[in-house]
Amino acid sequence: MDTAWTKTLFWVMTLLRRFLVISLVILGCCSISESQVFGAGELLWDEPIKIAGPGLINYPDLVVNQNGEVNFFYSQGTSETSLDHAIYFRNFDGEMLSTPIDVLVTPGSVDARTPSAVLDQVGNVHVVWVGGTDIWYSRAVIAEAGNAASWSKPTLLDGPTASNTRPALVLANGMELSLAYIIYGENPGIYVIESKNGGLTWEAPERVVDPQIEGLAPVSLSMCIDQLQGSKHIVWYEGDIYSNGLAAQEIYYIRQPGDLNSWADPDRFDSVSTGNYEDAYGPAMPSIACNQSSIYIYWYGAPMGQRHFRYSLDHGENWRDIGQVSDFRGLTYPAALAFDRNGWLYVASGSLDNRLMFMVFDNQSWENGYPIDTNSMGPHYPRMVSENGKKLHVIWQEVITNEIWYRQGVISAIAELPTTPQGDVGAIEQALPTTPISSPTSLLVEENPISPNIHASDSTGTWKITPNDTILFSSAAVLMVFVVVFIAIRFKIGSRS
């Protein structure tokens with residue numbers, strides 16, 4: 001073999017190796033930088049996944065266990081005329097969805113609708129729902145939630161209520177359950193019922209507030225618990241449900257301090273009587289979230305359903321009214337709220353133009369909302385869970401197509417502050433178990449395997465490759481060039497020998 005060619009081959013291979021290493025470093029850095037300025041600047045959104053539908057589906061909810069597995073609940077039936085709606089369950093382990101299965105039905109062949117779910121610290125999932133006009137409860141170990149036989153016998157808690165009002169179920173101290181709901185009939189008002197032992201037994205229902213104006217009644221409510229003080233906070237709106245009057249007229253707030261058993265007097269936070277509303281609009285659909293000593297309330301306000309906001313930093317003693325925080329509007333169902341590890345507030349809310357809008361409050365100002373759905377088919381009933389303050393899980397229903405969709409976003413660009421215990425966000429953010437939970441693997445099927453490395457580049461349906469994929473593909477391309485050059489040189493050397 002020619003000595004000159006041997007030296008040439010050595011230097012070419014050395015240069016190619018160095019080129020490969022440098023290329024990987026550069027491509028990796030550039031891709032990671034791009035991912036950090038993705039979307040709103042803090043979130044990297046995965047591709048949306050269809051969970052259910054089309055069909056007679058409504059009111060989805062979700063909980064996330066310590067392994068990051070997402071567990072979905074929703075109501076589904078076969079016809080509007082038959083009373084056959086049941087609560088269905090699915091599990092998503094990051095790659096596969098389990099087979100849909102109906103796990104809860106209401107005794108007496110009555111509909112089961114509007115489920116609300118929480119996960120306690122020992123891995124039990126608790127679900128309440130409206131069956132007919134009554135409120136029911138059941139629980140199961142989350143790892144066995146896909147087996148209908150694993151659920152406890154349904155317990156009747158109270159009634160009657162309206163079939164389209166979702167009870168607010170929240171968790172405190174890892175195992176204590178509190179449920180707020182609306183009762184109609186002879187003794188209308190807002191009621192709270194509690195269990196101190198993880199749902200084994202329930203105390204007697206307590207009516208905490210009556211309708212505030214004659215002729216009006218509560219329509220929708222939200223509740224959270226301040227984990228530092230143990231105080232309960234409820235927000236709701238009232239409207240004329242009896243004589244076809246204005247459906248949304250007043251928003252009220254009430255709290256029960258953690259050191260007292262009695263509830264404070266209600267405060268009116270907004271009213272159609274202010275004269276700020278136009279056409280047939282009024283204050284509606286409030287949501288509430290608790291984070292340490294801070295309480296946040298978000299609702300659809302003046303003049304025509306634009307989003308409004310106020311918050312308290314001292315357990316609800318004093319409030320700061322920020323007013324309107326969005327240009328988009330519409331009286332869709334209540335927004336979903338969740339926090340990241342630094343206490344920033346995230347909001348998912350449907351809009352009048354059939355988009356699921358996403359907003360961020362960094363404790364000083366609001367970021368303009370942007371859509372995170374891709375179908376524009378009327379997103380309603382959003383629910384959102386924060387997983388360890390570093391990942392958001394969002395589920396919603398497309399009411400035009402009657403489908404349920406899910407999406408997750410990784411919070412990637414916020415510098416982490418010293419960690420402190422995060423408060424409860426009521427019926428939206430769930431407590432995570434402290435022991436590992438396995439998925440119901442017997443139900444897993446090879447149905448629509450999802451690649452966790454594909455993400456949306458924006459909300460218009462255009463997709464981008466993540467940093468890991470960019471590095472992989474670029475490395476493969478450089479390696480291919482390396483192989484081609486190596487073969488060519490070897491062929492040249494062989495021809496000279």
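Here the structure is a predicted model, which is why all the values come from computation and not from measurement.
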Inset, instruction - Name the orientation class of the two ring planes belonging to W236 and Y252 (parallel below 30°, tilted from 30 to 60°, perpendicular beyond 60°). - result: parallel
Legend entry - Intermediate values then yes/no, side-chain contact (heavy atoms from CB on, under 4.5 Å), W396 and I404: CA-CA 6 Å; W396 68 93; I404 292 176; over 6 Å; no
Legend entry - Sub-4.5 Å side-chain heavy-atom contact between L345 and L337: yes
Legend entry - Side-chain donor/acceptor of D61 to backbone N/O of A117, under 3.5 Å: yes
Inset, instruction - Taking all non-hydrogen atoms of both residues into account, name the closest pair between N276 and A302 and its distance. - result: O-CB, 3.4 Å
Inset, instruction - Check the angle between the aromatic planes of Y253 and F269 and answer parallel, tilted or perpendicular using the 30° and 60° thresholds. - result: parallel
Legend entry - Among Y346, F361, Y296, ring pair (Phe, Tyr, Trp, His ring centres under 6.0 Å) partner for F339: Y296
Inset, instruction - Applying side-chain contact (heavy atoms from CB on, under 4.5 Å), run through I190 and L221 and close with a yes or a no. - result: CA-CA 9 Å; I190 293 176; L221 59 77; 3.9 Å; yes
Inset, instruction - Verify, without hydrogens or angle tests, whether Q397 (side chain) and I57 (backbone) share a donor-acceptor contact under 3.5 angstrom. - result: yes
Inset, instruction - Evaluate the side-chain proximity of M175 to S195: yes if any heavy-atom separation is below 4.5 Å, no if none is. - result: no
Legend entry - Test: E317 and R255 ion pair at under 4.0 Å: yes
Legend entry - Contact check, side chains of Q408 and W45, non-hydrogen atoms, under 4.5 Å: no
Inset, instruction - Hey, could you give me the CD/CD distance between Q66 and Q121, rounded to the nearest 0.5 Å? - result: 11.5 Å
Inset, instruction - May I ask you to check whether R166 and S116 show a side-chain donor-acceptor distance below 3.5 Å? - result: no
Inset, instruction - Check whether any side-chain heavy atom of I254 lies under 4.5 Å from a side-chain heavy atom of D267, and answer yes or no. - result: no
Inset, instruction - Applying side-chain contact (heavy atoms from CB on, under 4.5 Å), run through I288 and I234 and close with a yes or a no. - result: CA-CA 7 Å; I288 193 168; I234 299 176; over 6 Å; no
Inset, instruction - Return yes if some donor-acceptor pair links the side-chain N/O of D373 with the main-chain N/O of L356 below 3.5 Å, else return no. - result: yes
Legend entry - Side-chain donor-acceptor pair present, Q229, S231, cut-off under 3.5 Å: yes
Legend entry - Main-chain N/O of G350 paired with T332 side-chain donor or acceptor, under 3.5 Å: yes
Inset, instruction - Please answer whether the main-chain N or O of S98 pairs with a side-chain N or O of R90 as donor and acceptor at a distance below 3.5 Å. - result: yes
Inset, instruction - Report the relative orientation of the aromatic rings in Y406 and F92; use parallel for angles under 30°, tilted for 30 to 60°, perpendicular for over 60°. - result: perpendicular
Inset, instruction - Could you tell me whether the side chain of D340 and the main chain of W344 form a donor-acceptor pair under 3.5 Å? - result: yes
Legend entry - Non-hydrogen atoms of V105 and A86 that approach each other most closely: CG1-CB, 3.7 Å
Inset, instruction - Check for a donor-acceptor pair, side chain of S326 on one end and backbone N or O of Q306 on the other, with a separation under 3.5 Å. - result: no
Legend entry - Close side-chain approach of L119 to I142, heavy-atom, < 4.5 Å: yes
Legend entry - More than 12 heavy atoms from other groups under 6.0 Å of CG on D362: yes
Inset, instruction - Indicate the ring-plane relationship of W151 and F73, choosing parallel, tilted or perpendicular according to the 30° and 60° boundaries. - result: perpendicular
Inset, instruction - Please lay out, stage by stage, how T114 and T165 fare under the test side-chain contact (heavy atoms from CB on, under 4.5 Å). - result: CA-CA 7 Å; T114 64; T165 64; over 6 Å; no
Legend entry - Nearest-0.5 Å distance that lies between atom CG in D279 and atom CE in M304: 4.5 Å
Inset, instruction - Find the distance between CD1 (I135) and CG (L157) and round it off to the nearest 0.5 Å. - result: 7.0 Å
Inset, instruction - Report yes or no: does R407 contribute a side-chain atom to a donor-acceptor pair with the main-chain N or O of D46 at less than 3.5 Å? - result: yes
Legend entry - Between OG on residue S376 and CG on residue D353, distance to nearest 0.5 Å: 7.5 Å
Inset, instruction - Evaluate the ring planes of Y300 and Y298, with Trp represented by its six-membered ring, and classify them as parallel (under 30°), tilted (30 to 60°) or perpendicular (over 60°). - result: perpendicular
Inset, instruction - Decide if the gap between the ring center of F309 and the ring center of W366 is smaller than 6.0 angstrom. - result: yes
Legend entry - Min side-chain heavy-atom separation N58-R113 under 4.5 Å: yes
Inset, instruction - State whether the side chain of D111 and the backbone N or O of D84 hold a donor-acceptor pair below 3.5 Å, judged by distance alone. - result: yes
Legend entry - Minimal non-hydrogen separation, L62 against V70, with atom names: CD1-CG1, 3.7 Å
Legend entry - Closest non-hydrogen atom pair, F328 against R307: CE1-NE, 3.5 Å
Inset, instruction - Report yes if the side chains of I395 and Y74 come closer than 4.5 Å at any heavy-atom pair, otherwise no. - result: no
Inset, instruction - Working to the nearest 0.5 Å, report the span between NE2 of H126 and CZ of R139. - result: 7.5 Å
Inset, instruction - Say whether T106 and W129, considering side chains only, have a donor N or O and an acceptor N or O under 3.5 Å apart. - result: yes
Inset, instruction - Would you check, one step at a time, whether the test side chain to side chain donor-acceptor pair (under 3.5 Å) holds for R320 with S312? - result: CA-CA 6 Å; R320 302 180 184 182; S312 168; over 6 Å; no
Inset, instruction - Quick one: closest heavy-atom pair of A145 and F89, and the distance? - result: CB-CE1, 3.7 Å
Legend entry - E238 side-chain N/O to Q212 backbone N/O, donor-acceptor pair under 3.5 Å: yes
Legend entry - Donor-acceptor side-chain pairing of D226 and H233 below 3.5 angstrom: no
Legend entry - Working for salt bridge (charged side-chain N to carboxylate O under 4.0 Å, His left out), residues E194 and K232: CA-CA 12 Å; E194 297 182 338; K232 302 178 182 69; 2.9 Å; yes
Inset, instruction - Ignoring hydrogens and angles, state whether a donor on the side chain of H85 or Q76 is under 3.5 Å from an acceptor on the partner side chain. - result: no
Legend entry - Evaluation steps, salt bridge (charged side-chain N to carboxylate O under 4.0 Å, His left out), between E398 and K50: CA-CA 10 Å; E398 302 278 5; K50 187 169 75 169; over 6 Å; no
Legend entry - Reported CD-to-CG distance for the pair E206 and D158, which is rounded to 0.5 angstrom: 12.5 Å
Inset, instruction - Please check if any side-chain donor atom of R329 sits under 3.5 Å from a side-chain acceptor atom of Y281, or the reverse. - result: yes
Inset, instruction - Would you indicate whether the side-chain heavy atoms of D93 and N91 approach each other to under 4.5 Å? - result: yes
Legend entry - Shortest non-hydrogen separation from Y137 to G199 and the atoms involved: OH-CA, 3.3 Å
